[in-house]
Amino acid sequence: MIDLKALRDDPARFRDGCARKGVAVDLDRVLALDAQKRQHQTRAQELKAEQNRVAKESGPQIGRLQGQLKSAQGPERDRLAAEIDALKARPAALKAEISDLETRVNAIEPELAALLLTVPQPPDQDVPVGKGSEDNIEIRRWNPPGFDSRAGFAASRGFNPKTHLDLVRDLGLADFERGVKIGGTRHYVLTGDGARLQHAILRYAHDFMVDRHGFTPLTVPVLVREEMMVGTGFFPAGREQAYHIEEVRRGGGYDVFLTGTGEVSLMGFHQDEILDEAALPLKYVTVSTCFRREAGAAGKDTAGLYRIHQFEKVEQVVICRADEAESRAWHARMIGFVEELLQSLGLPYRLLQCCTGDLGVKNADMVDIECFMPGRGEPGPDGRPRGAYGETHSASRLYDYQCRRLNMRYRPGGAGGQGPTVVCHSLNNTVAASPRILIPLLEIHQNADGSVSIPGPLRPFMGGRERLG
RNA sequence: GGAGCGGUGGCCGAGUGGUUGAAGGCGCCGGAUUGCUAAUCCGGUAGGCGGGAUAUUUCCUGCCUCGAGGGUUCGAAUCCCUCCUGCUCCGCCA
């Protein structure tokens, strides 16, 4: 959520942000509602102050007179009762007008709040303007020694690659038919070494963040309340992407939603808290099951392990002080962690600077990381896939947009320090998402004999084996 | 699922209708004292939202908030209702 005061001070900045993100939000309506609300609120407050003043005077008097009333008799008693009634009537006269104004404020509030949630965070000025993913800009790419993603797999390795679908079938690593039988479309079952390989990559990625980079591991709920989805910025925009468990319809107190990323619970962990500045930055990592409806993606990436409804993901978040330079530095660092991880696994990748149209409402900046997948992409003249990069990671920089929604603040000047609280900054990035990451892992490390070499870092989690098949 | 007890400021914890937005403690900040440190003493220290002044530093002022929302009342942290939530016991169970 944006800062309403910032919008009042500089509407042009937010209009420009909407334009660059290609989002249509009626900011004039927001400003108008805000102005009306404050006008009514101010008036109501003035009257309320008057009422309080009157009540403060008459309250103790009433108490005193009522005490006298108990022991009074005859005409004295009547006189006291009348005096009490007169005192009681004074603040009551203001009540109707106040309540009328409050009704008006209450009528404005829901629309204002709902609208405010849809106002996007303006993209940073150094984010290239564009409409969608087609306008994203490659920052750099990395290849392991002896591999050239531009030339392609065959040129680099001397044989034609199988796709991950072939490898998975030939090595018995996944069962799609039965997955669909059990869970429906876009479901799968990892079998045998496939299941084991997934555990290996998740465990490696998790330990990598904890042991090498000092992140605190958390296990988190994947079934969360709506407030968490709103607070983290996934709702209302992404409501259609989340599975919705309608507990209220069954007599429960509230509905819950399945999270599409561990980010939701990692960020929600400190919702409504005033954090100790000395504890910042908070660095959390989790491995969680992620659920996505993939609404609107019908017919897209229907085959294989690329786009499915349920997967496992190691996710990293950082919550830091409200400082742009610090935010930017963490963003770079969090991307660096992933580069280090991918390089240790020998997976070619590239970094993409996402353009303004691809950021989503909550991000000021986003960098995607794509791994090279030899079995992906349009077929070449020989009918085989040319190989293509596919998104495996996404690193977001949100400033205070998410933490404002979550009401996560800290007090500058240390614990118990003076001065106003400040909304924290937050960032997040994938560490590894599986089974999607298995696609490049299998395809890149396949051998001419149909086997797949296991990268060194994963071997401890695979019983020490060096290859599959 | 049944029964009971709770939810108060950064933290702990008093408070059952009228100067209580809230005792006390911890923590923290400022000051005093102490030849360092510890200890001691004094003072300060909730958040949100408005309005005004002003050197973008800061000051003044009002309203709201004692889990959330509604109600009773002239007046609610305190009484009533609903919901959320924590703990304990029983039942069931991975």
Side-chain angles (χ1 to χ4, degrees), chain A residues 1-10 30-31 33-70 80-106 108-110 112-113 116 219 221 223-228 230-231 247-256 268-280 282 400 403-424:
Chain A
M1 178 163 65
I2 61 152
D3 183 359
L4 187 52
K5 280 183 206 147
L7 176 66
R8 284 203 289 262
D9 291 346
D10 189 5
V30 175
L31 289 165
L33 288 171
D34 173 50
Q36 282 174 35
K37 183 188 148 187
R38 278 183 301 142
Q39 189 191 331
H40 293 142
Q41 198 180 342
T42 303
R43 179 69 187 135
Q45 279 184 13
E46 286 167 4
L47 294 173
K48 189 89 184 174
E50 172 67 14
Q51 188 190 33
N52 286 345
R53 197 157 48 242
V54 170
K56 210 163 198 170
E57 286 174 19
S58 56
Q61 288 183 46
I62 291 171
R64 188 161 36 78
L65 291 173
Q66 271 173 343
Q68 294 174 16
L69 189 63
K70 280 179 189 159
L80 285 171
E83 199 173 334
I84 289 170
D85 287 343
L87 281 171
K88 282 185 178 181
R90 289 172 61 199
L94 293 163
K95 238 185 159 178
E97 198 177 348
I98 292 171
S99 127
D100 176 56
L101 286 163
E102 282 176 348
T103 303
R104 291 189 202 206
V105 170
N106 289 340
I108 291 169
E109 216 138 50
L112 179 60
L116 199 56
T219 73
L223 212 47
V224 304
R225 303 162 172 282
E226 183 160 9
E227 296 94 289
M228 280 302 146
V230 174
E247 283 296 293
V248 170
R249 275 177 51 176
R250 306 176 60 187
Y254 54 94
D255 286 358
V256 286
F269 193 59
H270 291 293
Q271 184 181 34
D272 286 327
E273 291 185 25
I274 297 176
L275 300 165
D276 181 356
E277 187 185 19
L280 301 180
L282 295 168
D400 61 6
C403 291
R404 178 168 290 105
R405 287 189 181 219
L406 286 166
N407 192 27
M408 279 171 60
R409 296 160 295 160
Y410 68 94
R411 196 186 310 280
Q418 256 80 349
T421 55
V422 177
V423 179
C424 305

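Letters A, B, ... are given to chains in the order of the sequence lines, protein chains preceding strands, and every chain is numbered from 1.
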task: Could you give the distance separating rG75(B) and rU19(B) at their P atoms, to the nearest angstrom?
output: 15 Å
task: Determine the interatomic distance between P on rG2(B) and the same-named atom on rC92(B); round to the nearest Å.
output: 15 Å
field: Under 4.0 angstrom between Arg225(A) side-chain N/O and rA68(B) OP1 or OP2
entry: no
query: At under 4.0 Å between heavy atoms, what does Arg8(A) touch on the DNA or RNA strands: base, sugar-phosphate, or nothing?
result: sugar-phosphate
C1' gap between rU34(B) and rU40(B), integer Å: 9 Å
- request: Please give the nucleotide sitting opposite rC66(B) as a Watson-Crick or G-U wobble pair, both distances under 3.5 Å, or none.
  value: none
task: Using Watson-Crick or G-U wobble geometry with both distances below 3.5 Å, tell me the partner of rC11(B), or none.
output: rG25(B)
- prompt: Rounded to the Å, how far apart are His40(A) NE2 and rC64(B) P?
  reply: 18 Å
Side-chain N or O of Arg43(A) closer than 4.0 Å to phosphate OP1/OP2 of rG51(B): no
message: Taking pairing as Watson-Crick or G-U wobble with both contacts under 3.5 Å, can you name the mate of rA76(B), or confirm there isn't one?
response: none
message: I'd like the C1' distance from rC63(B) over to rG7(B), given in whole Å.
response: 26 Å
task: Rounded to the nearest angstrom, tell me the gap between atom CG in Leu406(A) and atom P in rG48(B).
output: 16 Å
Approximate separation, where rounding is to 0.5 Å, of Asp400(A) CG and Arg405(A) CZ: 12.0 Å
query: In Watson-Crick or G-U wobble terms, both distances under 3.5 Å, what is the partner of rU58(B)?
result: rA53(B)
message: Under a 3.5 Å cut-off for both contacts, is rC5(B) paired Watson-Crick or G-U wobble with anything, and if yes, with which nucleotide?
response: rG86(B)
message: Categorize Lys5(A) for me: base, sugar-phosphate, or nothing, with a 4.0 angstrom heavy-atom threshold over every strand shown.
response: sugar-phosphate
- line: Met228(A) atom CE is separated from rU85(B) atom C1', nearest whole Å, by 13 Å
query: Just how far, in rounded Å, is P of rG47(B) from OH of Tyr410(A)?
result: 15 Å
statement: Here the gap from Cys424(A) atom SG to Leu275(A) atom CG, rounded to the nearest 0.5 Å, amounts to 5.0 Å
query: What's the CD-P distance between Glu247(A) and rC83(B), to the nearest Å?
result: 16 Å
query: Which whole number of Å gives the distance between the C1' atom of rC79(B) and that of rA94(B)?
result: 43 Å
Test applied, side chain to side chain contact (heavy atoms under 4.5 Å, CB included); reference residue, Asp255(A); option that passes from Glu247(A), Glu226(A), Arg225(A): Glu247(A)
field: Whole-Å P distance, rG67(B) and rG13(B)
entry: 14 Å
- request: With rounding to the nearest 0.5 Å, note down the distance linking CD in Gln36(A) to CG in Leu31(A).
  value: 11.5 Å
- prompt: What is the distance from CZ of Arg104(A) to P of rG50(B), rounded to the nearest Å?
  reply: 20 Å
- line: CG (Leu282(A)) and CE (Met408(A)) are apart, to the nearest 0.5 Å, by 7.0 Å
message: Under a 3.5 Å cut-off for both contacts, is rU19(B) paired Watson-Crick or G-U wobble with anything, and if yes, with which nucleotide?
response: none
Opposite nucleotide pairing with rG30(B), Watson-Crick or G-U, both atom distances under 3.5 Å: rC42(B)
query: Has Arg409(A) got a side-chain N or O lying under 4.0 Å from the OP1 or OP2 atom of rG48(B)?
result: yes
statement: When rounded to whole Å, the CD to C1' distance for the pair Glu226(A) and rA68(B) reads 16 Å
query: Can you tell me how far the CG atom of Leu4(A) sits from the NZ atom of Lys37(A), to the nearest 0.5 Å?
result: 7.5 Å
query: Expressed as a whole number of Å, how far does the P atom of rA46(B) sit from that of rG10(B)?
result: 9 Å
query: Hey, does Leu112(A) have a side-chain heavy atom less than 4.5 Å from the side chain of Val30(A)?
result: yes
field: Contact under 4.0 Å: Thr42(A) side-chain N or O vs rG62(B) OP1/OP2
entry: no
message: How many whole angstroms separate atom CZ of Arg38(A) from atom P of rC49(B)?
response: 12 Å
- request: Could you check which nucleotide pairs with rC36(B) in any of the strands shown, counting Watson-Crick or G-U wobble with both distances under 3.5 Å?
  value: none
Earlier contact from the 5' end, RNA chain B, for Ile274(A) and Gln41(A): Ile274(A)
field: Nearest-angstrom distance, P atom, rC66(B) to rC11(B)
entry: 16 Å
query: Side-chain N or O of Tyr254(A) less than 4.0 angstrom from OP1 or OP2 on rU85(B)?
result: yes
